[in-house]
K.L.:
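Below is a structure I'd like to ask you about.
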Amino acid sequence: MQPEYIVIGWPLGHSLSPLIHNASFKALKLDCSFTSEAIPLPIFERFMTSAATRYRGIAVTIPYKTDVLRFCSELSKEAALIGAANTLVTAGKKGWRGCNTDAGAVGRTLRESGLDPRGKTVILLGAGGAARAAGYQVILDGASRLVIANRTRSRADALRADLLKIFHSAAVEAVNLDAESLKTAIKGADLLVNTTSIGMYPNSGESPVPPEMITTNMAVFDAVYNPMETMLLKYARAAGARTVCGADMLLYQAAEQERLWLGVEAPIGVMRKALLSELGRGL
Ligand code: NAP
């Protein structure tokens, strides 16, 4: 069977998307399959030009979430506002509809973990694709103050400016991701959201925040899901803070992709089991 759904990125590494989508397709007895392809930049344009004849849906990851927008004939409201699409759905003969399921997945993960951003001060580490989705969602969900901390300060400033274009009266600040700035920014924070790739396998010994900055009354959500308990989450657990790992976000964004592609209610339990057994092997 020719795979009809695909995840693209560069470098793609060991993507877990085929595993969780194929587990779902099998459980739903759907006659389709999901594959992955690492697409280096020089062939990205060519791949996208002919992709609509070969695939019915594309999951998009680093670094193409913004680049795919120009191949879309339509955009969902979230993809247009966030400026990134992680999901392409066929839009008739006209091409692709670009959607963003990362933002909703952040919202659902926080909600189902009992972490309502409403009225809270949120520290967002990172200013890349995941940060754009998370920043948009926590303000949408009522965060009263958002502080974006990023290694490349100009990207934090750009994300702040873009969020203020959407949420005119929101309280959004941008700082450097360094010990001094974090120390000040983190005081009084209710929720810390890490969307940098610090702590991701194989650099699992690293944390974007030192342990002494994490306090009991702070909740910590790490979008990194491999390993499931990152060094940041280990520090947070040791400090008595509430912790949420990135695995649920991965599952929820995938489930929403299947709703968009196939109109199905994805079996999250089946997908979670497949994901956990793979992550448990220590990728
Ligand atoms: P991205 O667009 O490439 O952004 C990467 C971010 O990490 C940037 O803010 C970058 O800072 C920062 N960064 C990377 N290495 C760093 C280092 N050594 N020190 C300081 N900052 C560093 O990637 P993304 O799509 O946002 O993904 C980021 C992470 O979120 C990845 O680990 C990814 O697996 C995870 N993620 C998880 C889910 C999920 O479903 N759970 C979904 C999407 C992403 P600069 O701007 O300075 O380069």
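Note that ligands are numbered from 1 as they come in the structure, with each ligand's atoms numbered from 1 the same way. In this text the structure is predicted, and so the values were computed from the model without any measurement.
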K.L.:
Considering only N or O atoms, set out every pair between ligand 1 and the protein closer than 3.5 Å, with distances to one decimal place.
P.N.:
unit_1, atom_1, unit_2, atom_2, d
ligand 1, 2 (O), Gly129, N, 2.9
ligand 1, 7 (O), Ser197, N, 3.4
ligand 1, 9 (O), Ala127, N, 3.0
ligand 1, 9 (O), Asn150, OD1, 2.7
ligand 1, 11 (O), Asn150, OD1, 3.3
ligand 1, 18 (N), Arg151, NH1, 3.4
ligand 1, 26 (O), Gly129, N, 3.1
ligand 1, 26 (O), Ala130, N, 2.8
ligand 1, 40 (O), Leu250, N, 3.2
ligand 1, 41 (N), Ala223, O, 2.9
ligand 1, 41 (N), Gly246, O, 3.0
ligand 1, 46 (O), Asn150, ND2, 2.8
ligand 1, 46 (O), Arg155, NH1, 2.7
ligand 1, 47 (O), Arg151, NE, 3.0
ligand 1, 47 (O), Thr152, N, 3.0
ligand 1, 47 (O), Thr152, OG1, 2.5
ligand 1, 48 (O), Arg151, NH2, 2.9

K.L.:
With a 4.5 Å cut-off on side-chain heavy atoms, are Met231 and Glu206 touching?
P.N.:
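Sidechains of Met231 and Glu206: no contact.
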K.L.:
Under a plain distance cut-off of 3.5 Å, with no hydrogens placed, do Asn194 and Thr196 share a side-chain donor-acceptor pair?
P.N.:
yes
K.L.:
Among residues at least two apart in sequence or on other chains, which ones pass salt bridge (Lys or Arg N to Asp or Glu O under 4.0 Å) with Arg108?
P.N.:
Glu112
K.L.:
Residues two or more places apart in sequence or in another chain: which of them pass ring pair (Phe, Tyr, Trp, His ring centres under 6.0 Å) with Phe44?
P.N.:
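Only Tyr64, Phe71 meet the ring pair (Phe, Tyr, Trp, His ring centres under 6.0 Å) criterion with Phe44.
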K.L.:
For a quick test of reading the model, state the closest non-hydrogen atom pair linking Ala131 to Gly126 and the distance between them.
P.N.:
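Looking at all heavy atoms of both residues, the closest pair is CB-O, 3.2 Å.
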K.L.:
Got a sec, which residues hit salt bridge (Lys or Arg N to Asp or Glu O under 4.0 Å) with Glu229, two or more places apart in sequence or on another chain?
P.N.:
Arg237
